[in-house]
Amino acid sequence: MTPPRKLHIKSYGCQMNAYDAQRMVDTLAPEGFVETASVDDADLVILNTCHIREKASEKVYSELGRLRAVKDEAARKGRHMNIAVAGCVAQAEGSEIIRRAPVVDVVVGPQSYHHLPQLLARAKSHGRALETEFPVEDKFGFLPAPRPDAIRARGISSFVTVQEGCDKFCTFCVVPYTRGAEVSRPVAKIVDDVRRLADNGVREITLIGQNVNAYHGEGPDGRTWSLGTLLRRVAEIPGIVRLRYSTSHPRDVDETLIDAHRDLPALMPFVHLPVQSGSDRILAAMNRKHTVSNYRRVIDRFRAARQDIAFSSDFIVGFPGEAEEDFLATLALISQIGYAGAYSFKYSPRPGTPAADMQEMVSAAEMDERLVRLQELIDSQQSAFNAAAIGNTVDVLFERAARNPGQIVGRTAYLQPAHVMASPDIIGQVLPVTIASLERYSLLGELATSAQAQGAPATFSPMTTSQMTTGA
Ligand code: SF4
């Protein structure tokens with residue numbers, strides 16, 4: 001029997017990239033690849049890159065420099081290591097990577113992961129392979145079905161892609177160029193995927209897409225279904241106890257989504273709704289296609305539908321032309337909304353985007369100072385939100401054994417880690433936990449007695465900022 005080949009994927013950036021990494025593992029499994037955590041003994045290393053961060057391509061080249069040494073060392077030991085670059089930097093700068101980095105064997109854009117086996121074969125016969133075109137065929141039709149053992153190894157929470165691409169063209173964002181136009185998967189395929197995941201132990205599903213609430217997939221009735229309608233269908237699948245979705249655009253929040261939050265207990269009351277700025281002038285320059293008051297109205301509609309709902313958001317400080325009064329408007333919006341958490345970034349230009357040609361740059365010192373002020377405000381809201389959980393009883397979906405012996409860790413409705421001393425038998429169950437204390441972003445508590453659980457008030461607890469998001 002041929003020994004398995006080892007695959008190491010280093011993934012950066014958004015949830016979509018994390019999901020894509022799983023997709024690549026599933027695509028390569030039939031070729032005899034198994035994942036390894038160690039880059040040194042890998043036969044194939046894939047850098048799954050992100051173009052959102054500042055100096056993204058420089059970071060890729062310096063990582064490739066490190067990998068060249070690892071590849072040379074493998075060659076000295078008589079072993080051939082392939083190196084592939086995937087993700088949005090590959091999509092945006094594929095030919096340049098091939099030109100500048102001879103160590104790279106394969107460059108593959110996000111629309112072409114299903115061709116990885118053929119690209120590796122082409123690299124073997126021709127030396128290198130590059131594929132970054134958007135395919136003409138259905139880009140979701142060939143998603144590999146993960147094997148049951150792979151699903152079980154990934155735990156009780158899983159992403160399912162429902163939509164890819166974005167038509168919004170915010171002036172700072174590369175996604176419409178790297179991921180292409182919005183495309184939605186048919187409902188039947190999503191339901192099949194979720195069923196397979198549920199049959200193999202998954203209890204929580206996050207439906208993902210760059211602009212997930214622009215979902216417009218074909219339903220089994222031949223009509224176009226919205227995200228809200230899709231969520232209702234997925235909530236019916238036996239075994240699925242929690243549903244989430246990410247990332248949403250304020251303009252695409254429709255009544256079906258609001259109603260889904262009102263009606264579906266499995267749909268978690270925690271919405272990531274990027275706003276980016278609290279100034280209408282800057283929102284217009286960003287081409288966000290919504291105003292501050294539109295955004296506030298959307299928040300109000302969610303809150304009217306579900307009182308325990310909480311929000312996180314994305315903010316960019318120092319967008320070209322952002323004056324102090326624009327920034328103050330952002331702080332004012334944050335104060336009005338009250339977030340459970342947020343991701344905040346200093347603006348940095350992305351080559352090829354309209355904002356990259358804008359002239360009125362905010363100085364680095366001003367950006368630094370604004371980011372500190374904004375993060376202080378968000379941190380204080382997040383801390384207050386965290387502290388509100390202490391003394392309350394909240395539902396926790398238990399995921400795995402924690403690092404501390406005897407502890408099991410799970411997540412609240414608001415993605416907050418919660419630890420209890422308990423038997424591993426509780427993994428996969430949603431159980432009430434009485435929260436005793438808070439350690440940084442983690443809640444510590446005890447499994448509640450049924451009397452405590454019945455009398456428990458609804459509580460909030462905020463997310464951690466460990467999951468970076470991209471999109472919408
Ligand atoms: S920021 Fe979001 S909505 Fe705007 S172009 Fe990028 S992915 Fe689309």
Side-chain angles (χ1 to χ4, degrees), residues 12-20 49-54 56 87-89 91-92 109-111 134 139 159 161-185 206-216 226-227 244-254 257 271-292 294-295 298-299 311-322 330 333 342-358 467-472:
Y12 302 85
C14 64
Q15 289 170 342
M16 188 63 95
N17 261 15
Y19 174 83
D20 281 347
T49 61
C50 170
H51 208 290
I52 290 290
R53 293 299 197 174
E54 199 172 5
C88 288
V89 176
Q91 181 67 43
Q111 321 303 330
F134 291 124
K139 64 180 169 184
F159 297 133
T161 195
V162 302
Q163 179 276 342
E164 248 197 79
C166 183
D167 296 342
K168 290 286 184 296
F169 289 92
C170 298
T171 53
F172 55 83
C173 182
V174 290
V175 165
Y177 311 101
T178 58
R179 296 283 180 155
E182 285 169 6
V183 183
S184 297
R185 295 179 73 198
T206 304
L207 304 181
I208 57 167
Q210 266 96 26
N211 189 2
V212 72
N213 58 334
Y215 177 81
H216 56 279
S226 64
L227 180 65
R244 304 178 186 276
Y245 57 90
S246 189
T247 295
S248 303
H249 190 287
R251 190 175 152 140
D252 292 326
V253 174
D254 67 5
L257 187 56
V271 176
H272 184 67
L273 197 63
V275 63
Q276 310 297 358
S277 169
S279 155
D280 281 343
R281 203 175 68 80
I282 297 300
L283 288 175
M286 289 175 165
N287 191 32
R288 283 291 293 174
K289 301 185 169 74
H290 63 80
T291 62
V292 174
N294 298 150
Y295 182 82
V298 170
I299 296 271
F311 298 93
S312 59
S313 193
D314 293 341
F315 294 92
I316 294 172
V317 300
F319 188 79
E322 184 190 73
T330 301
L333 179 67
Y343 307 100
S344 48
F345 312 98
K346 288 183 281 184
Y347 170 75
S348 68
R350 295 285 164 274
T353 57
D357 295 329
M358 292 180 182
Q467 290 173 293
M468 200 190 102
T469 63
T470 307

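Counting starts at 1 for both ligands and their atoms, in listed order. Side-chain atoms are counted along with the backbone in the values below, which use heavy atoms only and exclude waters and symmetry mates.
Atoms CG and CD, from Asp20 and Glu164 in turn, are 6.0 Å apart once rounded to the nearest 0.5 Å.
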Practice item. Could you walk me through whether Phe172 and Thr353 pass the side-chain contact (heavy atoms from CB on, under 4.5 Å) test, one step at a time? Key: CA-CA 6 Å; Phe172 55 83; Thr353 57; 5.7 Å; no
Check your understanding: Does the pair Ser279 and Phe319 meet the rule for a side-chain contact (heavy atoms from CB on, under 4.5 Å), with working shown?
Key -> CA-CA 11 Å; Ser279 155; Phe319 188 79; over 6 Å; no
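Ligand 1 places these atoms under 4.0 Å from at least one heavy atom of Cys170: 1 (S), 3 (S), 4 (Fe), 5 (S). Counting atoms of ligand 1 from 1 in the listed order, those under 4.0 Å from a heavy atom of Lys168 are 3 (S), 8 (Fe). For ligand 1, the atoms sitting less than 4.0 Å from at least one non-hydrogen atom of His249 are 3 (S), numbered in the order shown with element in parentheses.
Checked by atom type and distance alone, the side chain of Thr49 pairs as donor or acceptor with a backbone atom of Val89 at under 3.5 Å. Using modelled atom types, no side-chain atom of Gln163 and backbone atom of Asn213 make a donor-acceptor pair closer than 3.5 Å.
Taking backbone and side chain together, Cys166 holds no N, O or S atom under 2.8 Å from atom 6 (Fe) of ligand 1.
The side chain of Phe172, and not its backbone, has at least one atom closer than 4.0 Å to an atom of ligand 1 (non-hydrogen atoms only; side chain from C-beta on). Residue Pro176 touches ligand 1 through its side chain alone, judged by heavy-atom distances below 4.0 Å. Only the side chain of Arg288 comes within 4.0 Å of ligand 1, counting heavy atoms alone; its backbone N, CA, C and O stay farther away.
Listed here is the closest heavy atom pair of Pro110 and Gln91: CD-OE1, 3.3 Å.
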